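Order of appearance sets the numbers: ligands from 1, and atoms from 1 within every ligand. Here the structure is a predicted model, which is why all the values come from computation and not from measurement.
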Amino acid sequence: MTPAGSGKTSSPKVLALSGGIGGAKLDLGLYHVLDPWDLAIVANTGDDFEHLGLTICPDLDTIMYTLSATSDEAKGWGRKDETWACLEQLKALGGSSWFGLGDKDLAVHLYRSALLREGKSLGEITASLFARFGVKAHVLPMADQAVGTIIHTRDGRDLPFQHYFVKERCAPEITGFTYQGAQTAKPPAALLDIIRSGDLRAVIVAPSNPFVSINPILSVPGIRAALAASNIPVVAVSPLIGGAAVKGPLARMLVEMGLPATNRSIADQYKGLLSGMVIDTTDKGDADTLQDLPVLAVNTLMNSLEDRMRLAQDVLEFADRLRE
Ligand code: FO1
């Protein structure tokens with residue numbers, strides 16, 4: 001079985017469920033320790049939005065820039081060596097400039113949006129973009145249809161994710177999430193083929209935010225069920241270290257939702273799905289609260305490429321042991 005749009009003849013061996021910045025770090029480690037075509041990534045598109053007439057897919061783009069070594073590593077999103085002439089001109093005109101669109105990045109949004117208007121699917125466009133960036137892995141959006149993460153706030157508003165995250169800098173207190181459009185979205189056929197191929201060695205839930213990166217993927221009908229029905233080890237890497245997120249509002253979100261900022265809370269988000277969990281050495285003691293799950297405690301902080309590769313290798317070996 002060959003996933004549509006790829007240049008590869010055999011089925012992937014590892015599937016990662018991934019959000020943007022933190023997820024992409026582990027994706028890169030996996031990309032380097034595996035034959036790249038053995039890696040498939042299903043990316044969150046719940047952060048996607050329409051802005052200035054363009055369709056923006058931040059997590060897909062973050063993964064694409066990261067795997068093609070064209071990302072701004074300091075920010076974790078956008079392109080390296082970026083210029084901002086268009087945004088500056090837009091600002092001078094009094095246009096909307098709260099979302100940081102660099103000139104190089106804009107080319108991707110223009111390309112994608114034009115092809116969507118011509119009737120191409122997001123999956124087809126994604127395959128074409130990743131190929132043009134020279135990425136040799138199968139990267140699939142979680143659905144071709146729009147599924148938008150909506151943040152419900154204590155002050156009674158329903159904010160699209162980027163409005164909460166970038167425009168309001170995660171300030172509003174949250175009370176819950178809705179994945180708008182999920183009920184009618186369809187899982188990509190290529191993804192179900194990969195899960196059912198019998199060729200997968202492991203499914204890895206990247207250290208992304210469960211509420212706004214992984215649960216949106218699992219909200220697409222059929223994806224969670226296909227994973228739960230398979231006998232492939234599913235291993236989650238916790239995005240928390242010592243009760244704090246490496247980046248982003250996860251710890252605050254947990255507290256605002258009335259949940260402790262612990263690895264137990266992360267595991268609970270993936271109930272019925274996990275074969276094991278990888279936590280940071282700092283949190284070794286949490287194994288007591290995760291007695292229903294095999295746990296691997298290793299260094300999960302990924303500062304360098306070596307860290308990303310080492311963690312990827314640790315996670316794969318852990319999954320192999322769970323399979324035995
Ligand atoms: N994050 C910000 O904090 N500010 C921005 O202005 C911003 C612009 C942006 C443009 C393109 C893109 O692909 C990502 C961008 N991000 C920005 C990151 C993005 O909001 C988040 O990384 C994800 O949606 C969360 O995973």
Side-chain angles (χ1 to χ4, degrees), residues 16-28 41-68 70-88 90-91 95-113 122 125-126 129-130 133 135 139 141-142 146-151 159-172 174 177 179-180 205-217 237 239 245-253 302:
L17 276 57
S18 178
I21 302 170
K25 285 186 181 179
L26 184 61
D27 297 341
L28 184 65
I41 300 168
V42 55
N44 171 44
T45 56
D47 295 7
D48 295 9
F49 75 133
E50 299 291 318
H51 185 59
L52 300 167
L54 301 173
T55 303
I56 319 281
C57 304
D59 287 358
L60 276 171
D61 292 345
T62 296
I63 295 168
M64 180 168 74
Y65 298 151
T66 301
L67 297 189
S68 61
T70 59
S71 74
D72 178 328
E73 287 183 34
K75 289 209 305 285
W77 55 269
R79 296 283 301 268
K80 72 177 167 193
D81 305 322
E82 185 58 287
T83 56
W84 302 90
C86 182
L87 196 72
E88 280 157 21
L90 190 61
K91 199 171 180 178
S96 173
S97 59
W98 61 268
F99 195 71
L101 294 173
D103 299 329
K104 290 181 181 163
D105 188 36
L106 264 168
V108 167
H109 310 310
L110 287 165
Y111 176 88
R112 174 192 294 121
S113 305
L122 183 60
I125 299 165
T126 299
L129 271 169
F130 275 75
F133 272 79
V135 176
V139 182
M142 66 193 202
V147 177
T149 296
I150 303 294
I151 311 282
L159 298 177
F161 178 78
Q162 298 298 342
H163 286 245
Y164 160 80
F165 190 78
V166 177
K167 199 172 189 182
E168 303 214 13
R169 298 168 190 272
C170 309
I174 59 162
F177 309 88
Y179 309 118
Q180 203 167 60
V205 180
S208 299
N209 183 316
F211 301 115
V212 297
S213 296
I214 305 298
N215 286 345
I217 300 174
V237 181
V246 176
K247 202 171 172 151
L250 172 59
R252 263 191 51 200
M253 284 180 167
M302 293 176 280

Take the angle between the ring planes of [X] and [Y] and call it parallel below 30°, perpendicular above 60°, tilted in between.
X      : Y      : answer
His51  : Phe99  : perpendicular
Phe49  : Trp98  : tilted
Tyr164 : Phe161 : tilted

Worksheet item: Would you say Glu50 has more than 12 foreign heavy atoms packed within less than 6.0 Å of its CD?
Response: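 Above 12, so yes.
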Item to complete: Drop me the distance from Ile63's CD1 to Leu28's CG, to the nearest 0.5 angstrom.
Response: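 Answer rounded to 0.5 Å: 11.0 Å.
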Give every pair formed by an N or O atom of ligand 1 and a protein N or O atom closer than 3.5 Å, one pair per line with both atom names and the distance to 0.1 Å, or write none.
residue  : atom   : partner : partner atom : Å
ligand 1 : 1 (N)  : Trp77   : NE1          : 3.4
ligand 1 : 6 (O)  : Gly100  : N            : 2.7
ligand 1 : 20 (O) : Gln162  : OE1          : 2.7
ligand 1 : 24 (O) : Asp47   : OD2          : 2.7
ligand 1 : 24 (O) : Gln162  : NE2          : 2.8
ligand 1 : 26 (O) : Asp47   : OD2          : 3.2
ligand 1 : 26 (O) : Asp59   : OD1          : 3.0

Practice prompt. Taking salt bridge (Lys or Arg N to Asp or Glu O under 4.0 Å) as the test, write out the residues that go with Glu168, two or more places apart.
Written response: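 With neighbours one apart ignored, the set is Arg157.
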